[in-house]
Amino acid sequence: MLKTTLLKATEASGKILQQYFDGPFEVSSKSTVNDLVTEVDKKSETAIIATIRENYPDHFILSEEVGEIKTSSSTKWIIDPIDGTVNYANGIPICCVSIGVEQDGEMILGAVYNPFMNELFVAEKGKGATLNNKPIHVSTKTEVAKSCLVTGFPYKWEEGTNNPAVVFERIIKQGIPVRRLGSAAIDLCWVACGRFDGFYEHHLQAWDAAAGFLIVEEAGGKVTDYSGNRYSPYQKELLATNGLIHSALQDLVNGK
Ligand code: LIP
């Protein structure tokens, strides 16, 4: 039932993303000039929440644009109505809807759908991860030096010894390819299906990674913060790998 609702909400959102992709639509700024929200994020969010509410009027909701809709329920839906809004606003079809379901503090279900590539990633706690219904697995590369990585950068710059530019420079100076797709949810799913061997980002929000981190774990990968603690969507740093390069990438990220 939860999964059926999750897939229905994902599908409803995907249709909206496709319908409005060619524009025109309104775009406005949030925390910084390039932290964007479009009219389509809001339409997608409304459709997702309406679909959830048909079956679960009392569930807790945490969604990027409306924030928290608090209830006493132990089930929380964590929603990004468009992950990769900057891409969407620029007509770059690397964006998706991402929805995770948390129960009693544990992520139990997650779905990420990029309607432009017709790729639906789903994971259920303990039952593995799929791409368009076919089981997926992380890559088997063992050397970070031969890996293909992906990262993302924040819209609001934070200085610091290990800021995103310093880490990026450290890795690319070793000749390791690091891509930047612009959607953390897609980055995670592409680690899950073995296209990337690792992903790191300094400052994510719960909705960017709630579904994707379960998809990576269920595909056999490892997701932690930069200190190696199991990832929680309620803190900002994320390091996701195939497991085999995890400690080596963690060292690179931390400058060790
Ligand atoms: C974005 C992420 C992206 C990250 C940005 C932002 P949005 O989400 O998916 O990878 O680098 O900081 O969080 O705002 O485009 O949906």
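The first residue in the sequence is number 1, and the count goes up from there. One-based numbering, in listed order, for ligands and for the atoms of each.
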Review point. How are the rings of F25 and Y88 set relative to one another: parallel (under 30°), tilted (30 to 60°) or perpendicular (over 60°)?
Key: tilted
Review point. How about Y231 and F213: are their ring centres within less than 6.0 Å of each other?
Key: yes
Point to revise | side-chain contact (heavy atoms from CB on, under 4.5 Å), paired with T151, selected from V167, I171, D187, V178 | key: V178
Review point. Is there a donor-acceptor contact under 3.5 Å linking the side chains of T71 and H59?
Key: no
Check your understanding: Backbone N or O of E119 within a donor-acceptor pair of the N114 side chain at under 3.5 Å?
Key -> no
Check your understanding: Got the residues with a heavy atom under 4.0 Å of ligand 1, by chain and number?
Key -> E64, D80, I82, D83, G84, T85, V86, G152, F153, Y155, R180, G182, S183, A184, E201, D208
Review point. Side chains of D197 and S139: is there a donor and an acceptor less than 3.5 Å apart?
Key: yes
